[in-house]
Amino acid sequence: MSKKRILSGMRPTGKLHLGHLAGALSNWIRFQEEYDCFYEIADLHALTTDYQNPSGIRDNIREMLLDFLAFGLDPEKATIFIQSKVPEISEMHLLLSMITPLGWLERCPTYKEQLAQLADREITNYGFLGYPVLQTADIISFKAVRVPVGEDQVPHLELAREIVRRFNFLYGELFPEPEAILTVNPKLLGTDGRKMSKSYGNAILLADTPEEIRQKTATMFTDPLRPYRKDPGHPDACPVFGLLQMYRPEESAAVRPACTSAQLGCSDCKKKLTEILLEFLSPYQRKREELAREPGRLQEILDRGNRRAREIVNDVLAEAKTKMGLYGY
RNA sequence: AGGCCUGUAGCUCAAUUGGCAGAGCAACGGACUCCAAAUCCGUAGGUUGGGGGUUCAACUCCCUCCGGGCCUGCCA
């Protein structure tokens with residue numbers, strides 16, 4: 001009885017932060033016990049928005065891999081690979097592009113949203129529009145049946161299912177329709193009170209030094225309705241409390257009344273949070289430093305992952321091409 | 001390939017007939033706060049895309065190269 005296969009990916013756009021850990025990486029680590037996991041470092045997807053300075057992508061791949069391994073992704077259990085090192089995925093993407101109607105892509109909420117949000121950058125490109133098609137290629141190249149996604153990625157998975165149905169209808173049954181594993185994305189707030197995100201510059205990185213963590217927590221946004229020490233606080237609107245709650249649920253239960261009754265001040269709370277974060281992160285960071293000293297081992301992990309991924313994708317691509325009448329000339 | 005527009009601080013944009021390169025936001029520092037935010041005060045930030053030319057003097061005019069946008073044409 002073989003395990004169900006999962007595919008998930010992350011774009012190497014920088015070092016990971018607490019939000020990545022809570023929203024994605026911790027799930028990845030959990031899933032590797034239960035599923036046959038393929039975790040993709042999506043450098044081609046990174047290129048859709050960062051094509052103007054691609055030099056950083058290379059460094060980011062290494063940083064991301066260090067974060068993965070330090071926090072417990074196990075290359076013995078899961079396959080970690082680089083998207084562009086499995087070129088058959090790109091070929092699959094090309095095949096899918098032939099049967100994907102433009103309207104499906106233009107209707108994508110993420111497309112419209114990102115277009116408006118990143119208006120300063122030039123992303124009115126072909127590759128950007130086709131982003132979800134490449135995602136579909138990722139998934140079906142492995143015949144993955146489960147895809148862990150956050151709420152915002154659900155439309156993409158639905159698109160993938162539509163493309164799969166279209167392919168199977170046109171050329172004959174081949175791909176399973178991937179199902180979402182809806183992962184609850186705990187809403188982690190960044191240092192400015194907005195959603196923690198690299199592009200907002202409000203993230204606490206998994207690899208931040210103690211000094212950086214101290215500096216970031218010290219300048220963190222707090223309840224603006226509590227200008228004075230004696231005022232009652234509103235913990236649910238406070239990102240400091242949000243993080244406390246995430247990393248020390250039992251302690252935060254005691255902090256809540258102390259905050260609302262003005263017994264505990266914000267700077268006390270920040271001190272507490274700083275200590276908790278330092279304590280939480282330091283073992284991983286030690287592990288990370290050890291790993292960083294072994295570039296040969298990192299390379300070996302990637303080589304092996306790429307090879308394993310490629311073996312599978314190669315077969316699936318051959319099947320797809322046969323179905324589409326591209327073999328046997 | 002041709003036509004039109006465009007390039008100024010990290011970002012968005014000003015600068016009179018050719019006359020000392022500026023503002024807002026962001027950043028940093030200070031005041032205020034238990035911190036932070038907001039607010040107030042202050043600081044820093046530039047080879048005006050590159051090179052050449054005209055001029056006493058060029059962001060401004062001319063030539064050229066590089067980058068970007070819109071339109072037309074051509075091929076599929």
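In what follows, every chain begins at residue 1, and chains take the letters A, B, ... in the order their sequences are listed.
- Between A:Lys321 and A:Glu91 there is a salt bridge, with a side-chain nitrogen of the basic residue lying less than 4.0 Å from a carboxylate oxygen of the acidic one.
- Between A:Trp28 and A:Phe68, the ring planes are tilted. Angles from 30° to 60° get that label.
- The A:Tyr228 side chain lies nearest to B:rU33 when the options are B:rU33, B:rA37, B:rC35.
- B:rC75 sits 29 Å from B:rU6 when the C1' atoms are compared, rounded to a whole Å.
- For B:rG45 and B:rC28, the C1' atoms lie 10 Å apart once the distance is rounded to whole Å.
- For the pair A:Arg226 CZ and B:rC32 P, the interatomic distance rounds to 20 Å; values are reported in whole Å.
- Here B:rA14 sits opposite no nucleotide as a Watson-Crick or G-U wobble pair (both hydrogen-bonding atom distances under 3.5 Å).
- Atom C1' of B:rC65 sits at a distance of 26 Å from the matching atom of B:rC13, rounded to the whole Å.
- Of the P atoms belonging to B:rG7 and B:rG49, the separation is 8 Å, rounded to the nearest Å.
- B:rC35 atom P lies 23 Å from atom NZ of A:Lys216, rounded to whole Å.
- Across the protein-nucleic acid pair, A:Asn202 atom CG and B:rA36 atom C1' stand 14 Å apart, rounded to whole Å.
- We find that A:Glu63 and A:Arg288 are joined by a salt bridge, their nearest charged nitrogen and carboxylate oxygen being less than 4.0 Å apart.
- Taking atom CG of A:Leu273 as the reference point, atom C1' of B:rA36 lies 13 Å away to the nearest angstrom.
- No cation-pi contact links A:Arg5 to A:Phe142, judged by a cut-off of 6.0 Å to the six-membered ring centre and 45° from its axis.
- Counting atom types as modelled, A:Ser267 pairs a side-chain N or O with a base atom of B:rC34 as donor and acceptor under 3.5 Å.
- Within the nucleic acid shown, A:Asp223 comes within 4.0 Å of at least one base atom, counting heavy atoms only.
- The nucleotide B:rC28 finds its pairing partner in B:rG42, both defining distances of the Watson-Crick or G-U wobble pair being shorter than 3.5 Å.
- Rounded to an integer number of Å, the gap from A:Asp268 CG to B:rC34 P is 12 Å.
- Pair assignment for B:rC4 gives B:rG69, based on Watson-Crick or G-U wobble hydrogen-bonding distances that are each under 3.5 Å.
- Atom name P, nucleotides B:rG10 and B:rU48: the rounded distance is 13 Å, in whole Å.
- There is a side-chain donor-acceptor pair under 3.5 Å between A:Gln153 and A:Gln135.
- Nucleotides B:rG67 and B:rC59 are separated by 24 Å at their P atoms, to the nearest Å.
- Between the side chains of A:Asp138 and A:Gln83, at least one donor N or O sits under 3.5 Å from an acceptor N or O.
- Separating the C1' atom of B:rA58 from that of B:rU12 is a span of 25 Å, rounded to the nearest Å.
- In this structure, CG of A:Leu243 is placed 21 Å from P of B:rC35, rounded to the nearest angstrom.
- Between the NZ atom of A:Lys271 and the P atom of B:rA36 there is a distance of 12 Å, rounded to whole Å.
- The C1' atoms of B:rA76 and B:rG3 are separated by 24 Å, rounded to the nearest whole Å.
- In this structure, the CG atom of A:Leu189 is 19 Å from the P atom of B:rA36, given to the nearest Å.
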